[in-house]
Amino acid sequence: MSSTKHFSVPQFSAKDYSSFALSGALCCTISHIDIRACLWTRYTIGTEGAAALLTGFGPTAVGYLAQGGAKFAGYELWKVALVRLAGDQETAVKYRTAIYLGAASIAEFFGDILLTPLEATRIRMVSQRGYATGLVSGVTRLAREGGISQLYAGFLPILCKQIPYAMGQFTVNEMCHELVYRNMSEDTKRNLSDTGKFGIALGSGITAGFAAAILSHPADTLLSQINKGHGPTGSMMHRLGVLAREAGFKGLFAGLGPRMIMTAGLVSSQFLMYGGIKNALGAPPGVEIHKE
């Protein structure tokens with residue numbers, strides 16, 4: 001007789017998922033706004049004046065608020081769904097990497113549905129000064145002039161960038177935590193200080209950030225070229241293919257080092273804030289399928 005036992009999967013309530021969504025929304029918005037401010041404040045004030053800092057702020061904030069909430073809550077939701085699909089603990093643990101990758105991909109897909117029109121609006125407002133006075137007027141004008149196709153013109157490139165990013169972010173973070181805790185004695189785990197837990201979360205987040213940057217960098221390079229209007233006309237797949245061939249392997253990974261550093265700070269801060277906000281809201285921990 002098999003010794004495999006059924007998994008005891010947490011039954012998260014609507015309130016729990018609301019807490020996951022709010023935590024994800026806040027951590028993504030705060031981290032992205034902070035990173036953008038650090039990168040652009042000195043340049044923008046020096047060249048275009050302080051008022052230019054606010055251009056595109058609305059779409060950026062709302063976009064990452066929506067995408068972050070959908071991504072983090074979606075990851076918790078789909079991880080639970082895939083664990084249930086596995087049927088038992090042994091199977092879930094055996095295929096845990098596939099569960100992490102699948103949950104991250106599906107969650108990011110739905111998050112990007114919310115992000116894409118807002119990102120399109122941000123790009124238009126930044127590239128065409130005076131295009132709109134704010135988020136609502138910007139989205140309305142873009143939808144009126146170009147329709148749904150214009151709002152979602154960048155959906156494929158964003159997916160190509162964001163899904164590998166999310167896969168690296170969540171999967172590597174899970175694997176780093178598992179590796180550290182698996183090599184600890186039970187006594188060490190029980191007596192682990194808050195500082196020790198913080199150090200593990202920080203180190204795991206930094207490593208996950210490196211992975212997210214590496215996996216998503218080729219698509220990020222191509223998306224930057226698309227946003228600048230480079231490449232031939234035609235379908236998005238054709239444009240991406242031509243730009244990729246022109247760039248070559250070396251060109252696709254140009255500038256990876258600085259982006260790894262930026263992304264490590266971004267991802268690690270998100271996970272730290274996500275955990276802190278969840279605790280403050282009294283939300284339960286997510287389902288764990290780490291190998292003991």
Side-chain angles (χ1 to χ4, degrees), residues 23-47 53 56-57 60-61 63-65 67-68 71-72 75 100-101 104 108 111-112 115 119 122-123 126 157-180 195-228 243-244 247-277:
S23 301
L26 291 176
C27 77
C28 284
T29 304
I30 293 168
S31 61
H32 276 93
I33 296 300
D34 186 55
I35 290 291
R36 286 177 185 271
C38 290
L39 290 174
W40 291 105
T41 296
R42 172 180 277 183
Y43 170 80
T44 304
I45 291 178
T47 60
L53 278 172
F57 177 83
T60 297
Y64 284 109
L65 194 75
Q67 185 246 16
K71 179 167 76 170
F72 276 83
Y75 180 70
Y100 300 149
L101 293 171
E108 184 63 55
D112 290 343
L115 174 65
E119 184 68 2
R122 181 192 69 81
I123 292 169
V126 170
I158 285 178
L159 283 181
C160 292
K161 171 190 171 183
Q162 291 297 126
I163 287 182
Y165 185 104
M167 291 167 72
Q169 175 183 8
F170 287 104
T171 303
V172 174
N173 183 63
E174 296 268 16
M175 293 171 71
C176 287
H177 276 86
E178 176 182 325
L179 182 63
V180 172
T195 303
K197 293 175 182 176
F198 176 86
I200 293 169
L202 178 62
S204 298
I206 289 172
T207 307
F210 287 154
I214 293 168
L215 291 172
S216 64
H217 196 72
D220 183 70
T221 301
L222 295 178
L223 182 59
S224 296
Q225 295 298 311
I226 292 290
N227 288 341
K228 292 174 183 175
L243 288 170
F249 182 83
K250 186 176 180 179
L252 288 174
F253 284 95
L256 176 60
R259 186 163 177 266
M260 286 178 67
I261 295 171
M262 183 191 74
T263 307
L266 193 70
V267 169
S268 59
S269 67
Q270 285 179 359
F271 279 125
L272 290 171
M273 284 190 283
Y274 181 66
I277 297 169

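We're numbering straight along the sequence, starting at 1. Both backbone and side-chain heavy atoms feed into the values below; hydrogens, waters and symmetry mates do not.
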Worksheet item: Taking S216 as the fixed residue, which of R259, K161, Q162 is the one that meets the side chain to side chain donor-acceptor pair (under 3.5 Å) rule?
Response: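 With S216 as partner, side chain to side chain donor-acceptor pair (under 3.5 Å) holds for just one option, R259.
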
Interatomic spacing from [atom1] in [X] to [atom2] in [Y] - rounded to 0.5 Å:
| X | Y | atom1 | atom2 | value |
| --- | --- | --- | --- | --- |
| L272 | C27 | CG | SG | 10.0 Å |
| T207 | L179 | OG1 | CG | 9.5 Å |
| L223 | E119 | CG | CD | 7.5 Å |
| L252 | D220 | CG | CG | 11.0 Å |
| M273 | S23 | CE | OG | 11.0 Å |
| M175 | F170 | CE | CZ | 15.5 Å |

Testing the basics here: between [X] and [Y], what is the closest heavy-atom pair and its distance to 0.1 Å?
| X | Y | value |
| --- | --- | --- |
| I214 | L256 | CA-CD1, 4.0 Å |
| G205 | F271 | CA-CD1, 4.3 Å |
| S204 | N173 | CB-OD1, 3.5 Å |
| A104 | A166 | CB-O, 3.7 Å |
| Y100 | T171 | CB-OG1, 3.5 Å |
| L65 | A25 | O-CB, 3.1 Å |

Backbone of [Y] reached by a side-chain donor or acceptor of [X] within 3.5 Å:
| X | Y | result |
| --- | --- | --- |
| S268 | G265 | yes |
| T263 | M260 | no |
| R122 | T60 | no |

Practice prompt. For the residue pair V172 and F210, establish whether any side-chain heavy-atom pair is separated by less than 4.5 Å.
Written response: no

Fill in: With sequence neighbours excluded, residues passing side-chain hydrogen bond (donor to acceptor under 3.5 Å, both in side chains) with Y274
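Partners of Y274 by the side-chain hydrogen bond (donor to acceptor under 3.5 Å, both in side chains) criterion, ordered by chain and then number, come out as E76.
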
Worksheet item: How would you list, by chain and number, every residue that makes a side-chain hydrogen bond (donor to acceptor under 3.5 Å, both in side chains) with Q270, sequence neighbours excluded?
Response: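 Here the qualifying residues are S31, Q169.
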
Worksheet item: Parallel, tilted or perpendicular: which fits the ring planes of H217 and F253, with parallel below 30° and perpendicular above 60°?
Response: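 The arrangement is parallel - the two ring planes meet at less than 30°.
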
